[in-house]
Amino acid sequence: MHSKDNQLDKISEYVKQKFSNETTGHDYFHLERVVKNANKIAIEEDANLFITMAAAWLHDIADHKLTINPKKELNELLQFLKQLGLQHSQIEAIMTIIDTTSYSKGVIPTTIEGKIVQDADRLDALGAIGIARAFAYGGSKQRTIYEPTKSTGSTIHHFYEKLLLLQDSMHTNTGRMIAAERHQYIENFLNQFYKEWEGE
Ligand code: ADP
Ligand code: NI
């Protein structure tokens with residue numbers, strides 16, 4: 001009746017209609033990428049795939065950047081997951097992950113599935129995609145690209161305030177390996193950026 005694949009399809013459709021108009025880098029395609037990253041890590045780490053996938057799709061649903069009413073969003077989601085036929089324990093696991101994933105909250109998830117979703121979310125802030133998202137987000141907040149005379153405030157500053165710190169915050173070995181590669185890509189980007197800035 002309620003096959004897990006079918007439930008995951010319904011969950012992805014649920015977030016798709018909610019995130020279709022998002023332009024600050026938290027759009028539906030961010031969710032797709034986090035799901036792909038999380039899937040890869042979950043297989044390596046032998047975690048519960050259904051919980052990991054469901055939570056990856058849903059992790060940004062109550063983000064204050066995306067909704068003015070996170071409580072309402074979470075209540076709606078609860079009803080939706082019940083209707084889908086998820087067990088109480090599954091719903092609880094997913095809701096806890098949603099509550100702990102965000103970087104800005106600074107929480108370390110207690111379950112392996114939660115750690116995986118947090119790693120997968122952070123990987124999407126690294127590499128080429130991470131660079132693109134940073135400038136998209138910075139632009140949406142009226143931030144400049146770079147201001148060499150200031151010590152904070154531009155998007156390049158954000159690289160030092162967050163992106164270059166992510167590699168050391170990974171929980172899983174698989175996540176750490178992917179992060180190392182994407183971290184190096186950002187370092188290379190910054191080197192090239194400063195060269196061009198100086199007219200070299
Ligand atoms: P979370 O949603 O996990 O709390 P953020 O909202 O801080 O994480 O980050 C989401 C994305 O937006 C990331 O790609 C991040 O680099 C980018 N971002 C967040 N803050 C800034 C900023 N001040 N300047 C540029 N990009 C930012
Ligand atoms: Ni996210």
Side-chain angles (χ1 to χ4, degrees), residues 11-12 14-16 18-42 51-68 70 73-74 77 94-109 113-148 150-172 175 178-179 181-187 189-190 193:
I11 288 171
S12 70
Y14 182 83
V15 293
K16 189 168 197 167
K18 297 226 174 242
F19 285 76
S20 54
N21 292 322
E22 220 287 320
T23 57
T24 66
H26 291 80
D27 54 34
Y28 175 76
F29 297 110
H30 163 63
L31 302 177
E32 269 192 353
R33 293 188 302 265
V34 173
V35 166
K36 282 181 198 155
N37 290 338
N39 184 271
K40 203 184 296 172
I41 302 173
I51 297 296
T52 308
M53 297 293 97
W57 279 119
L58 295 165
H59 78 276
D60 273 337
I61 200 104
D63 193 305
H64 59 90
K65 290 186 288 309
L66 302 162
T67 173
I68 46 163
E73 219 45 77
L74 289 172
L77 175 64
I94 293 166
M95 297 305 265
T96 305
I97 296 177
I98 294 173
D99 195 41
T100 53
T101 299
S102 167
Y103 179 80
S104 37
K105 279 192 182 158
V107 178
I108 298 176
E113 290 79 18
K115 291 188 167 91
I116 290 171
V117 175
Q118 197 174 68
D119 278 7
D121 191 32
R122 291 176 181 187
L123 285 177
D124 206 44
L126 288 171
I129 300 268
I131 295 169
R133 290 180 76 213
F135 288 104
Y137 186 94
S140 80
K141 297 279 170 198
Q142 277 75 48
R143 297 222 164 90
T144 53
I145 293 177
Y146 181 40
E147 290 193 55
K150 292 188 182 161
S151 59
T152 188
S154 74
T155 296
I156 288 290
H157 287 116
H158 178 69
F159 283 66
Y160 298 92
E161 289 157 3
K162 175 179 173 186
L163 305 188
L164 292 172
L165 310 178
L166 292 176
Q167 143 172 278
D168 292 331
S169 77
M170 304 299 287
H171 309 299
T172 65
I178 306 172
E181 206 181 307
R182 296 187 183 188
H183 180 100
Q184 189 54 51
Y185 188 91
I186 289 192
E187 294 271 23
F189 166 80
L190 288 170
F193 183 95

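The figures that follow rest on heavy atoms only: side chains count, while hydrogens, waters and symmetry mates do not. Start at 1 and go down the list; that is how both ligands and their atoms are numbered. We count residues from 1, following the sequence as given.
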Check: Asp124 main-chain N/O paired with Arg133 side-chain donor or acceptor under 3.5 Å: yes

For atom CD1 of Ile145, is the number of surrounding heavy atoms from other residues, nucleotides or ligands below 6.0 Å larger than 12? no

Part of Tyr103 with heavy atoms under 4.0 Å of ligand 1, whether side chain, backbone, both or neither: both

Quick look: Thr101 vs ligand 1, heavy-atom contacts under 4.0 Å, and the answer is neither

Check whether any N, O or S atom of Asp121 sits under 2.8 Å from the Ni ion (ligand 2). yes

Could you tell me whether any N, O or S atom belonging to Asp63 is less than 2.8 Å from the Ni ion (ligand 2)? no

So if I apply the side chain to side chain contact (heavy atoms under 4.5 Å, CB included) rule between His30 and each of Val35, Asp121, Ile129, which one comes out positive? Asp121

With a 4.0 Å heavy-atom cut-off (strictly under), which part of Asp63 contacts ligand 1: side chain, backbone, both or neither? side chain

Within 6.0 angstrom of Gln184 CD, more than 12 heavy atoms from elsewhere: yes

Using ring pair (Phe, Tyr, Trp, His ring centres under 6.0 Å) as the criterion, point out the one residue from Tyr146, Phe193, Phe135 that pairs with Phe159. Phe135

Which is closest to atom 16 (O) of ligand 1 by heavy-atom distance: Arg133, His158, Arg143? His158

What I want to know is whether Lys162 and ligand 1 share at least one N or O pair that is separated by under 3.5 angstrom. yes

